[in-house]
Amino acid sequence: MKSIRIGTRNSALALWQAREVARHLQNNNYLTEIVPIVSSGDKNLNQPLYSLGITGVFTRDLDMALLNDEIDIAVHSLKDVPTQLPQNIEMIAYLERDYPQDILIRKESSRNKEFHELKLATSSLRRRAFWLRNYPATDFSDIRGNIQTRLQKLEDGDFDATILSLAGIKRMKMEIDYEMLPLMICAPSQGVISVAGHTDKPEINEIVRQINHQETQICVEIERNFLSTLEGGCTAPIGAFAEIIGDQIRFKAALCSLDGKNCIAVDENFVYTPTENFGEKFAKVVLENGGKELMAEIKSQI
Ligand SMILES: NCc1[nH]cc(CCC(=O)O)c1CC(=O)O
(Lines give C-alpha, C1' and ligand atoms only; values in the text may rest on other atoms or scores of the structure.)
Protein backbone atom coordinates (compact mmCIF):
# COMPACT_ATOMS: atom_id res chain seq x y z
CA MET A 1 0.00 0.00 0.00
CA LYS A 2 1.13 3.55 -0.73
CA SER A 3 2.10 5.78 2.15
CA ILE A 4 -0.44 8.19 3.58
CA ARG A 5 0.48 11.78 2.67
CA ILE A 6 0.12 13.93 5.78
CA GLY A 7 -0.23 17.63 5.01
CA THR A 8 0.88 20.19 7.57
CA ARG A 9 1.77 23.82 7.91
CA ASN A 10 5.46 24.51 8.05
CA SER A 11 5.92 25.83 11.62
CA ALA A 12 7.83 23.83 14.22
CA LEU A 13 4.63 23.21 16.21
CA ALA A 14 2.66 22.10 13.14
CA LEU A 15 5.45 19.73 12.09
CA TRP A 16 5.60 18.23 15.57
CA GLN A 17 1.85 17.65 15.48
CA ALA A 18 2.02 16.06 12.03
CA ARG A 19 4.76 13.72 13.25
CA GLU A 20 2.57 12.79 16.20
CA VAL A 21 -0.22 11.76 13.80
CA ALA A 22 2.36 9.87 11.71
CA ARG A 23 3.53 8.03 14.83
CA HIS A 24 -0.02 6.89 15.64
CA LEU A 25 -0.54 5.65 12.07
CA GLN A 26 2.84 3.90 12.03
CA ASN A 27 1.93 2.15 15.28
CA ASN A 28 -0.98 0.69 13.32
CA ASN A 29 1.48 -0.44 10.60
CA TYR A 30 0.73 2.19 7.97
CA LEU A 31 3.37 4.01 5.97
CA THR A 32 3.32 7.79 6.15
CA GLU A 33 4.93 10.74 4.48
CA ILE A 34 4.95 14.32 5.81
CA VAL A 35 4.14 16.98 3.22
CA PRO A 36 4.75 20.55 4.45
CA ILE A 37 2.49 22.98 2.62
CA VAL A 38 4.12 26.36 2.25
CA SER A 39 2.06 29.14 0.71
CA SER A 40 -1.34 29.77 -0.75
CA GLY A 41 -1.78 31.52 -4.09
CA ASP A 42 -4.52 30.47 -6.45
CA LYS A 43 -3.31 26.94 -7.20
CA ASN A 44 -5.46 25.19 -9.75
CA LEU A 45 -8.82 25.35 -8.08
CA ASN A 46 -11.14 26.85 -10.62
CA GLN A 47 -13.69 28.15 -8.15
CA PRO A 48 -13.30 31.09 -5.77
CA LEU A 49 -12.46 30.09 -2.20
CA TYR A 50 -15.64 31.47 -0.65
CA SER A 51 -17.77 29.39 -3.02
CA LEU A 52 -16.06 26.27 -1.63
CA GLY A 53 -16.64 27.42 1.94
CA ILE A 54 -12.91 27.90 2.56
CA THR A 55 -12.34 30.59 5.21
CA GLY A 56 -9.79 29.93 7.97
CA VAL A 57 -6.44 31.69 7.63
CA PHE A 58 -4.57 28.80 9.27
CA THR A 59 -6.41 26.08 7.38
CA ARG A 60 -7.06 27.34 3.86
CA ASP A 61 -3.78 26.19 2.32
CA LEU A 62 -4.24 22.71 3.69
CA ASP A 63 -7.88 22.67 2.59
CA MET A 64 -6.77 23.50 -0.94
CA ALA A 65 -4.04 20.85 -0.89
CA LEU A 66 -6.64 18.27 0.20
CA LEU A 67 -9.06 19.28 -2.55
CA ASN A 68 -6.21 19.23 -5.11
CA ASP A 69 -5.16 15.72 -4.00
CA GLU A 70 -1.66 16.87 -3.03
CA ILE A 71 -2.18 15.29 0.40
CA ASP A 72 -4.46 12.57 1.83
CA ILE A 73 -5.04 14.10 5.25
CA ALA A 74 -4.36 17.44 6.94
CA VAL A 75 -3.23 17.90 10.55
CA HIS A 76 -4.47 20.97 12.45
CA SER A 77 -4.57 22.51 15.88
CA LEU A 78 -8.30 22.11 16.19
CA LYS A 79 -8.78 25.47 17.86
CA ASP A 80 -7.58 27.17 14.66
CA VAL A 81 -10.11 25.31 12.48
CA PRO A 82 -13.34 27.19 11.70
CA THR A 83 -16.41 25.37 13.02
CA GLN A 84 -17.89 25.34 9.50
CA LEU A 85 -15.74 23.02 7.33
CA PRO A 86 -15.46 23.48 3.55
CA GLN A 87 -17.42 21.29 1.17
CA ASN A 88 -15.94 17.78 0.74
CA ILE A 89 -13.73 18.11 3.83
CA GLU A 90 -14.53 16.27 7.03
CA MET A 91 -12.89 15.82 10.41
CA ILE A 92 -11.81 12.20 10.73
CA ALA A 93 -9.86 11.89 13.97
CA TYR A 94 -8.89 13.70 17.14
CA LEU A 95 -5.82 12.75 19.17
CA GLU A 96 -6.12 12.56 22.93
CA ARG A 97 -6.07 16.01 24.49
CA ASP A 98 -3.05 16.60 26.67
CA TYR A 99 -2.89 20.17 27.97
CA PRO A 100 -5.92 22.41 27.49
CA GLN A 101 -4.75 25.23 29.78
CA ASP A 102 -3.50 28.74 29.16
CA ILE A 103 -0.36 29.79 31.00
CA LEU A 104 1.40 33.02 31.91
CA ILE A 105 5.01 33.49 30.86
CA ARG A 106 6.94 36.45 32.28
CA LYS A 107 10.27 37.86 31.42
CA GLU A 108 12.90 37.65 34.07
CA SER A 109 12.77 41.35 34.95
CA SER A 110 9.04 41.08 35.80
CA ARG A 111 9.20 38.06 38.04
CA ASN A 112 8.35 39.93 41.24
CA LYS A 113 5.36 41.87 39.95
CA GLU A 114 1.82 41.16 41.11
CA PHE A 115 -0.70 40.05 38.50
CA HIS A 116 -2.49 43.42 38.58
CA GLU A 117 0.80 45.25 37.85
CA LEU A 118 1.70 43.25 34.75
CA LYS A 119 1.67 44.79 31.29
CA LEU A 120 0.55 41.99 29.02
CA ALA A 121 0.97 41.10 25.37
CA THR A 122 -1.71 39.01 23.69
CA SER A 123 -3.83 39.43 20.59
CA SER A 124 -6.48 37.00 21.79
CA LEU A 125 -9.79 38.70 22.65
CA ARG A 126 -10.60 35.79 24.91
CA ARG A 127 -7.35 35.96 26.90
CA ARG A 128 -7.72 39.70 27.21
CA ALA A 129 -11.34 39.59 28.38
CA PHE A 130 -10.84 36.86 30.98
CA TRP A 131 -7.81 38.65 32.36
CA LEU A 132 -9.61 42.02 32.47
CA ARG A 133 -12.50 40.40 34.29
CA ASN A 134 -10.07 39.87 37.17
CA TYR A 135 -7.61 42.75 36.67
CA PRO A 136 -9.56 45.50 34.92
CA ALA A 137 -6.77 48.09 34.84
CA THR A 138 -4.34 45.95 32.84
CA ASP A 139 -2.48 47.45 29.90
CA PHE A 140 -2.33 45.24 26.76
CA SER A 141 -0.27 45.21 23.59
CA ASP A 142 -0.70 43.08 20.48
CA ILE A 143 1.65 40.20 19.81
CA ARG A 144 1.56 37.88 16.82
CA GLY A 145 3.54 35.07 15.25
CA ASN A 146 4.39 31.53 16.24
CA ILE A 147 5.39 30.53 19.76
CA GLN A 148 9.11 31.10 19.23
CA THR A 149 8.49 34.53 17.71
CA ARG A 150 6.22 35.55 20.56
CA LEU A 151 8.74 34.51 23.21
CA GLN A 152 11.41 36.53 21.39
CA LYS A 153 9.06 39.53 21.28
CA LEU A 154 8.51 39.10 25.01
CA GLU A 155 12.26 39.41 25.59
CA ASP A 156 12.57 42.46 23.31
CA GLY A 157 9.25 44.22 23.86
CA ASP A 158 7.93 46.79 26.27
CA PHE A 159 5.71 44.43 28.27
CA ASP A 160 6.09 42.03 31.18
CA ALA A 161 4.40 38.81 30.21
CA THR A 162 2.36 36.93 27.65
CA ILE A 163 -0.28 34.22 27.73
CA LEU A 164 0.16 31.07 25.68
CA SER A 165 -1.25 27.60 25.39
CA LEU A 166 0.52 25.07 27.61
CA ALA A 167 0.13 22.42 24.87
CA GLY A 168 2.35 24.40 22.52
CA ILE A 169 5.07 24.91 25.14
CA LYS A 170 5.07 21.22 26.10
CA ARG A 171 5.17 20.07 22.47
CA MET A 172 8.13 22.34 21.74
CA LYS A 173 9.85 20.96 24.88
CA MET A 174 10.59 24.47 26.03
CA GLU A 175 12.39 24.68 29.34
CA ILE A 176 10.64 27.76 30.58
CA ASP A 177 8.97 28.90 33.79
CA TYR A 178 5.22 29.40 33.62
CA GLU A 179 2.23 29.93 35.86
CA MET A 180 -1.15 28.24 35.48
CA LEU A 181 -4.10 30.60 35.04
CA PRO A 182 -7.25 29.14 36.59
CA LEU A 183 -8.98 32.46 35.86
CA MET A 184 -9.05 31.54 32.16
CA ILE A 185 -11.37 29.18 30.36
CA CYS A 186 -9.50 27.75 27.38
CA ALA A 187 -10.48 28.30 23.78
CA PRO A 188 -12.92 25.71 22.48
CA SER A 189 -10.85 22.63 21.49
CA GLN A 190 -7.55 24.11 22.69
CA GLY A 191 -4.82 21.49 23.06
CA VAL A 192 -6.36 19.07 20.56
CA ILE A 193 -4.69 17.87 17.36
CA SER A 194 -7.17 16.91 14.67
CA VAL A 195 -7.00 15.21 11.30
CA ALA A 196 -9.13 16.34 8.37
CA GLY A 197 -9.71 14.34 5.21
CA HIS A 198 -11.46 14.36 1.87
CA THR A 199 -14.98 12.89 1.83
CA ASP A 200 -14.13 11.03 -1.40
CA LYS A 201 -11.41 8.92 0.24
CA PRO A 202 -13.31 6.42 2.39
CA GLU A 203 -10.47 3.86 2.52
CA ILE A 204 -7.97 6.32 3.92
CA ASN A 205 -10.53 7.84 6.24
CA GLU A 206 -11.34 4.39 7.62
CA ILE A 207 -7.66 3.86 8.44
CA VAL A 208 -7.30 7.25 10.08
CA ARG A 209 -10.48 6.81 12.10
CA GLN A 210 -8.70 4.02 14.02
CA ILE A 211 -6.49 6.58 15.77
CA ASN A 212 -9.44 8.66 16.97
CA HIS A 213 -9.70 9.25 20.72
CA GLN A 214 -13.41 9.06 21.37
CA GLU A 215 -13.53 10.83 24.75
CA THR A 216 -11.66 13.77 23.27
CA GLN A 217 -14.05 13.83 20.32
CA ILE A 218 -17.07 13.94 22.65
CA CYS A 219 -15.62 16.88 24.58
CA VAL A 220 -14.50 18.98 21.63
CA GLU A 221 -17.77 18.47 19.78
CA ILE A 222 -19.63 19.90 22.76
CA GLU A 223 -17.21 22.87 22.95
CA ARG A 224 -17.38 23.56 19.21
CA ASN A 225 -21.16 23.21 19.01
CA PHE A 226 -21.33 25.73 21.83
CA LEU A 227 -19.04 28.07 19.88
CA SER A 228 -20.79 27.76 16.52
CA THR A 229 -24.23 28.33 18.06
CA LEU A 230 -23.01 31.52 19.72
CA GLU A 231 -20.78 33.17 17.22
CA GLY A 232 -22.02 33.07 13.66
CA GLY A 233 -18.66 33.79 12.08
CA CYS A 234 -17.11 36.36 14.41
CA THR A 235 -14.32 35.97 16.95
CA ALA A 236 -15.86 36.89 20.29
CA PRO A 237 -14.26 36.24 23.70
CA ILE A 238 -15.59 32.73 24.25
CA GLY A 239 -14.06 30.06 26.47
CA ALA A 240 -15.37 26.50 26.60
CA PHE A 241 -14.02 23.39 28.25
CA ALA A 242 -15.61 19.95 28.60
CA GLU A 243 -14.07 17.06 30.49
CA ILE A 244 -15.23 13.59 31.36
CA ILE A 245 -15.27 12.92 35.10
CA GLY A 246 -16.44 9.43 35.97
CA ASP A 247 -19.74 8.88 34.18
CA GLN A 248 -20.45 12.59 33.85
CA ILE A 249 -19.33 15.49 31.74
CA ARG A 250 -18.33 18.76 33.34
CA PHE A 251 -18.82 21.69 30.99
CA LYS A 252 -17.54 25.17 31.83
CA ALA A 253 -17.93 28.01 29.39
CA ALA A 254 -18.37 31.77 29.21
CA LEU A 255 -19.04 34.54 26.76
CA CYS A 256 -17.48 37.83 27.91
CA SER A 257 -17.67 41.42 26.79
CA LEU A 258 -14.39 42.71 25.35
CA ASP A 259 -13.60 44.56 28.59
CA GLY A 260 -14.45 41.48 30.69
CA LYS A 261 -17.02 43.37 32.77
CA ASN A 262 -19.96 41.32 31.56
CA CYS A 263 -19.49 37.54 31.46
CA ILE A 264 -22.30 35.07 30.94
CA ALA A 265 -21.09 31.75 32.25
CA VAL A 266 -22.32 28.19 32.39
CA ASP A 267 -21.01 25.43 34.64
CA GLU A 268 -22.86 22.15 34.22
CA ASN A 269 -22.52 18.47 35.13
CA PHE A 270 -24.53 16.00 33.10
CA VAL A 271 -24.67 12.44 31.84
CA TYR A 272 -23.70 12.31 28.17
CA THR A 273 -26.08 10.96 25.56
CA PRO A 274 -24.90 10.96 21.94
CA THR A 275 -28.28 12.03 20.59
CA GLU A 276 -28.36 15.32 22.47
CA ASN A 277 -26.54 18.44 21.27
CA PHE A 278 -25.35 19.75 24.63
CA GLY A 279 -23.15 22.47 23.18
CA GLU A 280 -26.07 24.01 21.33
CA LYS A 281 -28.31 23.63 24.37
CA PHE A 282 -25.95 25.54 26.68
CA ALA A 283 -25.25 28.19 24.05
CA LYS A 284 -28.98 28.82 23.82
CA VAL A 285 -29.10 29.27 27.59
CA VAL A 286 -26.33 31.87 27.28
CA LEU A 287 -28.10 33.62 24.38
CA GLU A 288 -31.34 33.79 26.36
CA ASN A 289 -29.57 35.19 29.42
CA GLY A 290 -28.23 38.32 27.76
CA GLY A 291 -25.86 36.62 25.32
CA LYS A 292 -27.81 37.76 22.29
CA GLU A 293 -27.40 41.42 23.19
CA LEU A 294 -23.80 40.86 24.23
CA MET A 295 -22.94 39.20 20.89
CA ALA A 296 -24.50 42.14 19.04
CA GLU A 297 -22.47 44.57 21.17
CA ILE A 298 -19.21 42.66 20.52
CA LYS A 299 -19.86 42.48 16.76
CA SER A 300 -20.32 46.25 16.67
CA GLN A 301 -16.96 46.76 18.47
CA ILE A 302 -14.61 44.49 16.49
N1 LIG B 1 -3.60 30.40 17.75
C2 LIG B 1 -2.28 29.90 17.84
C3 LIG B 1 -2.18 28.50 18.36
N4 LIG B 1 -2.87 27.50 17.80
C5 LIG B 1 -2.59 26.35 18.48
C6 LIG B 1 -1.68 26.65 19.47
C7 LIG B 1 -1.10 25.69 20.41
C8 LIG B 1 -1.78 24.35 20.46
C9 LIG B 1 -3.15 24.40 21.10
O10 LIG B 1 -3.36 25.19 22.02
O11 LIG B 1 -4.03 23.63 20.68
C12 LIG B 1 -1.41 28.02 19.40
C13 LIG B 1 -0.49 28.81 20.24
C14 LIG B 1 -1.14 29.43 21.45
O15 LIG B 1 -2.37 29.65 21.49
O16 LIG B 1 -0.43 29.74 22.41
Side-chain angles (χ1 to χ4, degrees), residues 7-21 24 37 55-63 74-83 91 93-107 120-131 140-155 157 159 161-174 176-181 183-196 213 215-217 219-224 227 231 234-243 253 302:
T8 171
R9 299 176 70 225
N10 211 9
S11 71
L13 177 65
L15 288 166
W16 188 94
Q17 296 182 163
R19 284 198 289 271
E20 189 66 6
V21 170
H24 279 80
I37 301 291
T55 54
V57 286
F58 293 113
T59 48
R60 49 188 282 176
D61 296 328
L62 291 178
D63 287 340
V75 178
H76 299 291
S77 292
L78 185 58
K79 78 164 169 176
D80 295 330
V81 180
T83 51
M91 222 33 106
Y94 306 89
L95 299 192
E96 183 172 5
R97 179 183 254 169
D98 42 15
Y99 301 99
Q101 304 89 346
D102 286 308
I103 51 167
L104 183 78
I105 300 178
R106 312 170 180 242
K107 61 183 172 200
L120 288 187
T122 176
S123 296
S124 154
L125 297 179
R126 174 186 60 85
R127 288 171 177 156
R128 228 176 250 240
F130 278 95
W131 186 274
F140 282 95
S141 2
D142 273 314
I143 189 170
R144 280 173 209 280
N146 64 35
I147 298 171
Q148 292 80 357
T149 310
R150 289 193 220 182
L151 290 175
Q152 190 57 50
K153 287 184 179 172
L154 174 62
E155 285 314 309
F159 35 80
T162 186
I163 301 170
L164 288 171
S165 146
L166 180 55
I169 295 297
K170 291 280 188 188
R171 289 172 192 161
M172 294 293 90
K173 310 255 180 313
M174 286 179 161
I176 195 168
D177 287 338
Y178 60 82
E179 290 151 81
M180 301 302 270
L181 293 175
L183 60 89
M184 297 270 161
I185 301 177
C186 64
S189 61
Q190 180 160 314
V192 174
I193 299 166
S194 67
V195 187
H213 189 261
E215 288 82 0
T216 297
Q217 178 178 4
C219 292
V220 296
E221 283 182 351
I222 294 171
E223 295 165 17
R224 288 168 67 78
L227 175 67
E231 73 175 358
C234 97
T235 31
I238 295 169
F241 179 59
E243 67 181 325
I302 57 178

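The figures here come from the full heavy-atom set of this structure, side chains too, leaving out hydrogens, waters and symmetry mates. We count ligands from 1, going down the list as the structure has it; atoms in each ligand are counted the same way.
Ligand 1 lies out of reach of L166, whose nearest heavy atom is not under 4.0 Å from it.
Remark: among candidates D80, I105, N146, the nearest residue to atom 4 (N) of ligand 1 is D80, based on non-hydrogen atoms.
Residue contacts with ligand 1, taken as heavy atom pairs separated by less than 4.0 Å, involve L13 solely via side-chain atoms from C-beta onward.
The pair D61-R9 does not meet the salt-bridge criterion, since no charged nitrogen lies less than 4.0 angstrom from a carboxylate oxygen. Under the 4.0 Å criterion applied to side-chain N and carboxylate O atoms, E223 and R97 are assigned as salt-bridge partners. Ionic pairing of D98 and R171 is present here: one or more N-O contacts between side-chain nitrogen and carboxylate oxygen are shorter than 4.0 angstrom. Under 4.0 Å is where a charged nitrogen must lie from a carboxylate oxygen, and between D177 and K107 no such pair does.
In terms of protein heavy atoms, atom 10 (O) of ligand 1 is closest to S165 OG, 2.7 Å. G191 N, 2.7 Å is the protein heavy atom nearest to atom 11 (O) of ligand 1.
Taking only nitrogen or oxygen atoms, main chain and side chain alike, R127 reaches within less than 3.5 Å of ligand 1. Taking distance alone, with nitrogen or oxygen atoms compared against 3.5 Å, Q190 stays at or beyond that limit from ligand 1. Some N or O of K79 is nearer than 3.5 Å to an N or O of ligand 1, by distance alone. Taking only nitrogen or oxygen atoms, main chain and side chain alike, Q17 does not reach within less than 3.5 Å of ligand 1.
Ligand-side atoms of ligand 1 in range of R171: 8 (C), range being under 4.0 angstrom from any heavy atom. Ligand 1 places these atoms under 4.0 Å from at least one heavy atom of L164: 16 (O).
In this structure, the side chains of D102 and Q190 come closer than 4.5 Å at one or more pairs of heavy atoms.
Within a 6.0 Å sphere centred on OH of Y99, heavy atoms belonging to other residues, nucleotides or ligands number 12 at most.
Rounding to the nearest 0.5 Å places CD of Q152 at 14.5 Å from CD1 of I147.
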Show your working on side chain to side chain donor-acceptor pair (under 3.5 Å) between S11 and N146 and close with a plain yes or no. CA-CA 7 Å; S11 71; N146 64 35; 5.9 Å; no
